[in-house]
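Single-structure report; data block below.
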Amino acid sequence: MGNYFQPEIETASREELLKIQNEKIVKQVRHVYDNVEYYRNLMDEKGVKPEDIKSVDDIRKLPFLSKADLREAYPYGLLGTDLKDCVRIHSTSGTTGKRVVAFYTQHDIDLWDDCCARAIIAAGGSKEDVVQVCYGFGLFTGGAGLNGGSHKVGCLTLPMSSGNTDRQIQFMMDLNSTILCCTPSYAAYIGESLAEAGYKPSDNKLKAGIFGAEPWTEEMRQNIESSLGIKAYDIYGLTETSGPGVAFECEAQTGMHINEDHFYAEIIDPETGEVLPEGSVGELVFTALDKEAFPLLRYRTRDLCVLTHEKCSCGRNFVKMCKPMGRSDDMMIIRGVNVFPSQIETVLLNEGYTPNYQIIVDRKDNTDTFDINVELTPDQFSDKIADIQKMEKQLEAAMRTMLGIGPKVHICAPKSITRSEGKAVRVIDNRKLH
Ligand code: DLL
C-alpha cells in the first residue's frame, strides 16, 4: 500500500468513484449549458439537453470539443464564469496559430494543486522534502502546478523555473533538494551536467523526480534514474484541463492513475469518434467534472493512449493510462510508414547512445528524406572515419528493424545538439514549409 494525499478519494472503490462522477457530471453539464453559449450551441445542434445526461454513461451523447473549437472560441468563448471570478490565466506553448488560453477560479486552482499534491506524495514526497521545481514558470502550467502541489504537501519548495543549469546544480547541492520536477529532457541534461561537474549520482540528495510535459520512453527513464540516482515518476496533463496532475504515477510505475474524481477519460477512434473498449489504442478524451472557469466537456487531446482498470498494488482504484505514445499529430508519415519519435529514442538508448538526437524529415524529388543526427559522448567519440561509419551502419540497421524503413544516421560530435530546458524539439519536418 502506498502513501496518499487524500486517502478517502484515492482509495475509494470503483462504486464510490462512479457515484462521485455521476453526481458531478449532472451538475457540470447543467453549468456548461447554462453558462457557455459556444457549447450550448453544439449541444443544441446535436439535439442533446442537460436532462439527457444522468450519469457518466451518457457522456458519449455529448459533442466533442477540439483544439479547433478552442481557437474559434478564443479568448472568452468557453468561459464558464464571470471574468471577475477568475484569478489566473495560463496558456499553451503552441508555436502555430492562436494559443489556447485557459482560465481559473481560486476553486479551480485549489483542485489542481490537490492533483499535483497527490502526484508528489505518490512519488514518496512528504513535509520533509525539498522540492526543486524547474519546469518553466509563467504562462506554462508546469511550474505553477508543481509549485502549488508542493506547497499543499508542505514541502520546502524551490521555484527555480527552467534554465540556468549551473544555478540549478548549485541550489540542488547546497540546499539538499530531494525531489526534482522538470521535463524528462531537462532531467537528462541536468544529469549530464552533474557528471561533467564531477559529481557522482550518489553525491546528491535527490530521491525522486516527477517528469512530464513531453513523451519519454522507458529507456529514457532508466537513463535518468541511473544518471541522477533516483526513481523517476511520470506525470501527465495539459493546459486545457488545468495543467500537470490529470494523471500521475505511483510506486508501481506501470502507468499513470487518472484523477477520476475530477476527470472522466474515454478512448476514441480518432477517425470515427467511436468510443473504443478498454485496452484499445486510441485518442484520449477528457471531461472535466468540476472545473468552473474553463469547464471542457469531451475535449479531444490528440494524445494516443491505452486505458486499463487492472488492479494496482498501490491501493488506488483510479483507471490507469499508459505513457502517451505521442500526439496523433506527432506521428510522422515517412514514405507512407508511420514513425513515432519514441521508437527512435528506444533504439538509440538500447544501443547505448544518449537521448541527444534530432530527426530531420524533408522531401526531395517527390521522395521523403529521413535523417537522424545522433550525438556521441566523449567516451564514445573516435576520430577514425571507419569507426564512425560502423556506428552509423549499425544504427541504420537497428532503426530499419524497428521502423520498417531506413533513415540515414549521422553521428555527431559531443555537445553538438542543442540541449532542452523545457520541451525538447526532436523533429524538424521541413516538408511542412513547402
Ligand atoms: O505540458 C502540462 C504539464 C506540465 C504536464 C508539466 C506534465 C508536467 P501543455 O503544454 O498544454 O501542458 O502540453 C500538453 O503535452 O497533450 C501531451 O501531448 C504532452 N504531455 C504532457 N505530459 C506528458 C507525459 C503540459 N507525461 C501536452 N508524457 C499533452 C507524454 C505528455 N506526453
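A quick note: this is a predicted structure, and the numbers were derived from the prediction, not measured. Indexing begins at 1, ligand by ligand and atom by atom, following the structure's order.
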Should you measure from each heavy atom of [X], which atoms of ligand 1 turn up under 4.0 Å away?
X	answer
Thr141	2 (C)
Asp234	24 (C), 26 (N)
Tyr135	6 (C), 8 (C)

Evaluate [X] for polar contact with ligand 1, using N/O atom pairs at a separation under 3.5 Å.
X	answer
Phe140	no
Thr92	no
Trp216	no
Ala213	yes

Subject >> Polar side chain donor-acceptor pair, Tyr189 to Asn356, under 3.5 angstrom >> reply: no
Original post:
Going by atom types alone, do Ser185 and Glu214 pair a side-chain donor with an acceptor below 3.5 Å?
Top reply: yes
**OP:** Please verify whether a non-hydrogen atom of Glu214 lies at under 4.0 Å from ligand 1.
**Re:**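 Under 4.0 Å: yes for Glu214.
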Original post:
Has Lys423 got any heavy atom lying under 4.0 angstrom from an atom of ligand 1?
Top reply: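 Checking ligand 1 against Lys423, which is what was asked, there is a heavy-atom contact under 4.0 Å.
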Original post:
Is it the case that Arg118 places NZ or CZ above or below the six-membered ring of Phe5, under 6.0 angstrom from the centre and within 45 degrees of the axis?
Top reply: no
Original post:
Can you find a heavy atom in the side chain of Thr105 that is under 4.5 Å from one in the side chain of Val87?
Top reply: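 They are not in contact (no side-chain heavy atoms under 4.5 Å apart), so the answer is no.
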**OP:** Determine the minimum heavy-atom distance between Gly245 and Asn259, stating which atoms define it.
**Re:**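 Reported closest heavy-atom pair: O-ND2, 2.6 Å.
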**OP:** Taking all heavy atoms of Pro201 and all of Ser226, pick out the closest pair and write down the distance.
**Re:**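 In this case the closest contact between Pro201 and Ser226 is CG-O, 3.4 Å.
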Original post:
With Val36, which of Leu296, Leu297, Leu78, Thr81 fulfils side-chain contact (heavy atoms from CB on, under 4.5 Å)?
Top reply: Leu78
**OP:** With heavy atoms under 4.0 Å as the rule, classify the contact between Asp303 and ligand 1 as side chain, backbone, both or neither.
**Re:**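 Just the side chain.
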